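Here is the structure we will look at.
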Amino acid sequence: MSIVIGVIVLGAAGGALFELIADSRYATRQGDAREQPIPFSHMHHVGSMGIDCRYCHTSVDNSDWAVIPPTKTCMNCHSQIWVGSSTLEPVRESYRTNQSIKWTKVYDLPDYVYFNHSIHVKKGVGCETCHGRIDQQALTWQEPSLQMRWCLDCHRNPAPNLRPADKITTMGYVPSEPQEVLGARLMKENHVQKLDTCWTCHR
Amino acid sequence: MKISPIAASALAVLSFAALGCSRLDMQDQPKYRPQRPSQFFADGRSERQPVEGTIARGTLDEDTAFYQGKDAAGKDIEAFPIAVDKKVIERGQQRYDIYCAPCHGRIGNGLGMIVRRGFKQPPSYHIDRLRQAPVGHFYDVITNGYGAMLNYSAQVEPRDRWAIVAYIRALQYAENANINDLPQEARSRIPAAGTAPSKAQQSEPIAPNDTDFSNFPAVPATPSGVPGAAGAGAAPSNQPERK
């Protein structure tokens, strides 16, 4: 008898441990900078040179995907700049041989979740809100947990996270008026809905 | 066989905990999403190139003026193939700041941030030759590149290329504008030459110092002030708007 109770109690403890592990930054891989075939740095390209996200992630405002830029995009500059750099040899080789660079994916939702960039960008959610200060990351890491709870927290109350259309790609954004006022106005102007039905994201 | 209570409970804890670590089948389904690699195709990509000569619906580029910036004789066109209004110029400004300003600078003087890091310096848009150049030439440079500058056809779609050209025309116009070109109420807002740029202007992210605001108008040039934008040839286009 005592063994049965013991197993139940410990089973519950296991369940709690499961929760702890699933929520841990270890399981969600938050803050874990990924090794990449080329040490591409957003800190250099965005932070110090001020290149807009959309120069490289061209389709972010009109499709589901932001996409990783093709090698040609790098060559726009690196055909002239740092042409002797051995760090950049894989880029030049990819351009010569037409073989893709194999970037390691950082943000990866499960396949049963539907996500769409353009709707977020159009309704006023900035890159920074979901991806953090990319301009301060030498190697890219995942900033939020990407758990369902994280999506829902915003979907149920988007107003605190909205910004004007011309500030979408700004890093280190500070609202120029109180966020309560701005958020409420943008909710109206952009006709922002509160989408928390299951089929918004599972379809 | 007898399992000790301690081993049994340890097993129970671990088996529940293990659930937290496993990636289940639904997580990684056997399907392709954009840019996902493929073991099936020799080049390792899941995306396929269209067969050469393929024309997607709605992209038959018969309209050489719109798609190539050339007239029937193959010469650069002088007038915009789209109607240019304030909205187009604002779109052009946004796209210009993303794709061109890193090298050409926000005001088109050719002193963008990448140039300061060693890229070949492009000519200023405000030199006489480029002020006289037909709009078709600018479109052609974006589409096919020019010397050290590679093309931007994959990054900027045709309608946006025209918007950028319209904005470059506005920049050229603004650079040479006279105070009398401005509406009365805007004149008083022009900072006197030599005045320091405002805080907002200083905090612009791209090339903060390449901008000489002293001869830059405080209000955007009016569409009617853009050479080639008004009058004959600026017929409204029936090209599809981007969704």
Side-chain angles (χ1 to χ4, degrees), chain A residues 2-3 6-24 27 46 48-56 58-59 62-65 67-70 72-73 75-77 79-82 98-100 102-103 105 108-113 118 135 165-166 169-171, chain B residues 3 5-6 8-21 23-31 33-37 43-45 47 94-95 97-103 112-114 116-120 145 148-152 154-157 200 204-208 242-243:
Chain A
S2 65
I3 289 184
V7 166
I8 292 172
V9 168
L10 286 166
L17 187 58
F18 159 84
E19 281 289 315
L20 273 179
I21 292 179
D23 282 353
S24 70
V46 179
S48 100
M49 285 182 273
I51 307 175
D52 192 284
C53 313
R54 290 163 291 187
Y55 184 95
C56 290
T58 46
S59 60
N62 65 354
S63 86
D64 289 9
W65 307 94
V67 306
I68 305 301
K72 156 75 172 52
T73 303
M75 291 307 280
N76 283 351
C77 293
S79 61
Q80 289 255 328
I81 268 188
W82 289 65
N98 196 24
Q99 289 286 314
S100 306
K102 296 200 176 82
W103 299 105
K105 214 167 166 17
D108 196 4
L109 287 174
D111 284 1
Y112 54 79
V113 181
S118 64
D135 64 327
D166 62 341
T169 57
T170 307
M171 291 281 133
Chain B
I3 304 175
I6 294 174
S9 14
L11 206 68
V13 172
L14 285 178
S15 54
F16 278 97
L19 284 173
C21 309
R23 284 218 128 199
L24 306 169
D25 283 351
M26 287 292 281
Q27 200 115 18
D28 298 307
Q29 298 164 17
K31 69 178 180 189
R33 282 184 164 189
Q35 301 191 313
R36 188 166 282 183
D43 63 4
R45 296 173 194 158
E47 282 98 348
Q94 190 221 44
R95 295 286 118 174
D97 285 349
I98 297 171
Y99 298 106
C100 316
C103 295
M113 188 55 102
I114 307 302
R116 292 161 189 217
R117 300 288 174 104
F119 205 90
K120 177 175 175 182
M149 173 183 149
L150 301 194
N151 72 71
Y152 281 75
Q155 281 154 284
V156 187
E157 60 173 25
E204 291 295 320
I206 291 176
R242 151 140 83 185
K243 278 195 273 36

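Side chains are part of it too, since the values below use all heavy atoms of this structure and drop only hydrogens, waters and symmetry mates. These figures come from a predicted structure and were not determined experimentally.
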CG on D28(B) to CG on D108(A), rounded to 0.5 Å: 7.0 Å
Of all heavy-atom pairs linking M49(A) and M113(B), the shortest is O-CG, 3.7 Å
Would you compute the distance between atom CD1 of I81(A) and atom NZ of K120(B) and round it to the nearest 0.5 angstrom? 13.5 Å
Heavy-atom closest pair (C77(A) atom, I114(B) atom, distance to 0.1 Å) is SG-CG2, 4.1 Å
So CZ of F119(B) and CG of N76(A): to nearest 0.5 Å the spacing works out to 7.5 Å
Quick one: sort the Y55(A) and Y99(B) rings into parallel, tilted or perpendicular, breaks at 30° and 60°. tilted
One option among K102(A), Q80(A), K72(A) has the most heavy-atom pairs under 4.5 Å with chain B, and it is Q80(A)
Side chain, backbone, both or neither: which part of Q155(B) has an atom under 4.5 Å from a heavy atom of chain A? both
From the options Q29(B), R36(B), K31(B), select the one residue that forms a side-chain hydrogen bond (donor to acceptor under 3.5 Å, both in side chains) with D111(A). R36(B)
So R33(B) and W65(A), do their side chains get closer than 4.5 Å, heavy atoms only? yes
Contacting moiety of N98(A), where chain B heavy atoms sit under 4.5 Å: both
Under 4.5 Å from a heavy atom of chain B, the part of S48(A) involved: both
